[in-house]
Amino acid sequence: MSEIPQFVVPKNITVSQALQKIGKATVSALVILTGKDIKAVRNALKSLYATDRIHIGSYELSGRGKVSRVWYWGNGDDAREPVMLGKQAFIPHPDEAAAWLRNPI
C-alpha cells in the first residue's frame, strides 16, 4: 500500500475526491496525491471520519516501522488495531533489575 497507485490523480484536488477515485490510501499517499501538507490531509480525514464518509479498512507498517492506518472510502466497520508489531518495551523485573543496579545494601 505504501506505493502510489498506478493511475495519475490530478494535483489540487480534495482529500475526499482522491479517496473516492482510488478507494483506499494512507496519509502519506494522500499527501503525495493531493499536493497538500500533512496537517491539512489529517484535518480533512478527521472531518470525513466524523461524518462517516470514510473508515479504517486495514493497517500496514510504514517505512519507519510504525503502524499506519489505511483509509477506505465509504461507511463501514473499522478494522481492529493490531497489537504491538514492533519491539516490545523493556520492562525489568525487580530480581533482574537488582543484578545490574548499583545497590549499596
Side-chain angles (χ1 to χ4, degrees):
M1 182 73 236
S2 58
E3 69 274 353
I4 304 302
Q6 297 298 326
F7 56 88
V8 177
V9 178
K11 296 280 185 182
N12 298 326
I13 62 170
T14 64
V15 173
S16 63
Q17 290 171 343
L19 266 177
Q20 283 177 357
K21 187 166 180 90
I22 60 176
K24 63 179 181 175
T26 59
V27 172
S28 58
L30 287 170
V31 167
I32 294 169
L33 290 171
T34 60
K36 300 183 185 319
D37 62 357
I38 193 164
K39 287 182 181 181
V41 170
R42 285 185 178 159
N43 288 337
L45 288 173
K46 200 179 291 186
S47 65
L48 289 171
Y49 185 70
T51 57
D52 290 332
R53 292 185 182 169
I54 61 173
H55 66 281
I56 303 167
S58 61
Y59 291 87
E60 71 174 24
L61 283 177
S62 67
R64 294 182 164 199
K66 293 189 175 187
V67 177
S68 59
R69 298 175 180 135
V70 180
W71 296 96
Y72 283 65
W73 182 255
N75 190 5
D77 293 333
D78 290 341
R80 293 193 329 172
E81 189 169 359
V83 183
M84 289 283 290
L85 295 176
K87 293 185 204 176
Q88 294 285 339
F90 175 69
I91 303 171
H93 298 285
D95 56 338
E96 294 173 2
W100 55 267
L101 286 174
R102 289 188 168 179
N103 195 350
I105 296 178

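If you read the sequence from its start, that first residue is 1, and numbering goes on from there.
More than 12 heavy atoms of other residues, nucleotides or ligands sit less than 6.0 Å from atom CG of D37.
Note that the CG atom of D78 and the OG atom of S58 stand 11.0 Å from one another [nearest 0.5 Å]. One distance of note links CD1 of I13 with NZ of K36; it measures 8.5 Å at 0.5 Å rounding. A distance of 7.5 Å separates OH of Y72 from NE2 of H55, quoted to the nearest 0.5 Å. Atom CH2 of W73 is separated from atom CG of L48 by 5.5 Å, given to the nearest 0.5 angstrom. Here the CG-CH2 distance, from L19 to W71, works out to 9.5 Å after rounding to the nearest 0.5 Å.
Annotation: side-chain hydrogen bond (donor to acceptor under 3.5 Å, both in side chains) contacts involving residues 38-47, sequence neighbours excluded, are absent.
E81 and Y59 make their closest contact through CA-CE1, 3.5 Å (heavy atoms, listed as atom of the first residue, atom of the second, distance). Summarising the geometry of A79 relative to G57, their closest heavy-atom pair is CB-O, 3.3 Å, with the distance given to 0.1 Å. Across D52 and N75, no two heavy atoms sit closer than the pair O-CB, 3.6 Å. Closest heavy-atom contact between V31 and I38: CG2-CA, 3.8 Å.
Remark: side-chain polar atoms of S68 are paired, donor with acceptor, to backbone N or O of E60 under 3.5 angstrom.
Two residues are said to be in side-chain contact when any heavy atoms from C-beta on lie closer than 4.5 Å; L45 and L30 meet this criterion. Using a 4.5 Å cut-off on side-chain heavy atoms (C-beta onward), L61 and V67 make contact.
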